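All of these numbers come straight from a predicted model, not from anything done at the bench.
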Amino acid sequence: MEIANQNDKSIKVGDHVKAEVRSGHYIGELVEINGPRALVKVLAVLKHPEQGDLHNPYNPDVPMFHERRALSYTEKTTVLLRDVLPYAGSVPEYGASLKAAAEAEVASLDRLHRWAAKALEQMQQLQKEYK
């Protein structure tokens, strides 16, 4: 069975696909298409899922700060077809891809942390000047 997703890209069972699942991005194999959903078997991690409450991004003061692990190698997950795209590149080894995705997420959070510290420092200086 071959279908076209909302981006007019055709995909069929057995194809390598790129899928977005709860803020994580993965390379997987399309295992099954069932209506508006697809079953994808994870083969590699492109982007590690974000931590915290996705409905309140960048807010540490939420009732539950969620820990999100990356999906496991060969784990099967249901994904909306709109979040599945064909993938034509080579599939990296899962362990290496997970490590690279986790390192990239840490680097991104470190940049955000340094930006927030600098912005806070400047705002505190401005507050002194505003008095």
Enquirer: Could you state the interatomic distance from OH (Tyr87) to CG (Leu43), rounded to the nearest 0.5 Å?
Expert: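 The distance works out to 10.5 Å.
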Enquirer: When you look at Val40 and Leu30, which way does the side-chain contact (heavy atoms from CB on, under 4.5 Å) test go after all the steps?
Expert: CA-CA 5 Å; Val40 175; Leu30 185 60; 4.3 Å; yes
Enquirer: Using side-chain contact (heavy atoms from CB on, under 4.5 Å), reason through Asn34 and Thr78 one step at a time and then give a plain yes or no.
Expert: CA-CA 9 Å; Asn34 187 8; Thr78 303; over 6 Å; no
Enquirer: Flag yes if Leu39 and Val21 sit in one hydrophobic cluster, no otherwise; membership is Ile, Leu, Val, Met, Phe, Trp, Tyr, and two members link when side-chain heavy atoms are under 4.5 Å apart.
Expert: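 No; Val21 is not reachable from Leu39 via cluster members.
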Enquirer: More than 12 heavy atoms of other residues, nucleotides or ligands under 6.0 Å from NZ of Lys18: is that the case?
Expert: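 12 or below, so no.
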Enquirer: Heavy atoms only: give me the nearest Asp61-Asn59 pair and the separation to one decimal.
Expert: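 Shortest heavy-atom contact: N-OD1, 2.9 Å.
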Enquirer: Which residue pairs pass the side-chain hydrogen bond (donor to acceptor under 3.5 Å, both in side chains) test when at least one of the two sits in residues 21-32, sequence neighbours left out?
Expert: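 Applying side-chain hydrogen bond (donor to acceptor under 3.5 Å, both in side chains) to every pair that reaches into residues 21-32, excluding sequence neighbours, yields nothing.
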Enquirer: Closest heavy-atom contact between Pro92 and Ala44?
Expert: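 For Pro92 versus Ala44, the nearest heavy atoms are O-CB, 3.7 Å.
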Enquirer: Determine whether Ser10 and Asp15 make a side-chain contact, defined as any pair of heavy atoms from C-beta on separated by less than 4.5 Å.
Expert: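 They are not in contact (no side-chain heavy atoms under 4.5 Å apart), so the answer is no.
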Enquirer: What are the two closest non-hydrogen atoms of Pro60 and Tyr58, and how far apart are they?
Expert: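 Here Pro60 and Tyr58 meet closest at CD-O, 3.5 Å.
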Enquirer: Go through Tyr94 and Val45 one step at a time and tell me if the side-chain contact (heavy atoms from CB on, under 4.5 Å) criterion holds.
Expert: CA-CA 7 Å; Tyr94 177 83; Val45 182; 3.6 Å; yes
Enquirer: Show every side-chain hydrogen bond (donor to acceptor under 3.5 Å, both in side chains) that has at least one partner inside residues 103-115, sequence neighbours left out.
Expert: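 Residue pairs passing side-chain hydrogen bond (donor to acceptor under 3.5 Å, both in side chains), neighbours aside: Asp110-Arg114.
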Enquirer: Can you see which heavy atom on Arg37 is nearest to which on Leu80, and at what distance?
Expert: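 Smallest interatomic distance, heavy atoms only, reads NH1-CD2, 3.4 Å.
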Enquirer: Is it true that Val17 and Val91 fall in one hydrophobic cluster, defined by side-chain heavy atoms closer than 4.5 Å?
Expert: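 Linked within one cluster.
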Enquirer: Return the CG to CG distance between Leu71 and Leu98, rounded to the nearest 0.5 Å.
Expert: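 Rounded to the nearest 0.5 Å, the CG-CG separation comes out at 10.5 Å.
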Enquirer: Restricting to non-hydrogen atoms, name the atom on Asp53 and the atom on Met64 that form the minimum distance, rounded to 0.1 Å.
Expert: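 Looking at all heavy atoms of both residues, the closest pair is CB-O, 4.2 Å.
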Enquirer: Once rounded to the nearest 0.5 Å, what's the spacing between atom OH of Tyr130 and atom CD of Gln125?
Expert: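 Here the interatomic distance stands at 10.5 Å.
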Enquirer: Among all residues two or more places apart in sequence or in another chain, which pass the side-chain contact (heavy atoms from CB on, under 4.5 Å) test with Gln51?
Expert: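 Result, side-chain contact (heavy atoms from CB on, under 4.5 Å) vs Gln51: His48, Phe65, Glu67, Arg68.
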Enquirer: If I take atom NZ from residue Lys47 and atom CD from residue Glu20, how far apart are they, to the nearest 0.5 angstrom?
Expert: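 Nearest 0.5 Å value for the NZ-CD distance: 8.0 Å.
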Enquirer: How long is the straight-line distance from NE2 of His16 back to NZ of Lys41, given to the nearest 0.5 Å?
Expert: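 Spacing of NZ (Lys41) from NE2 (His16) equals 8.5 Å.
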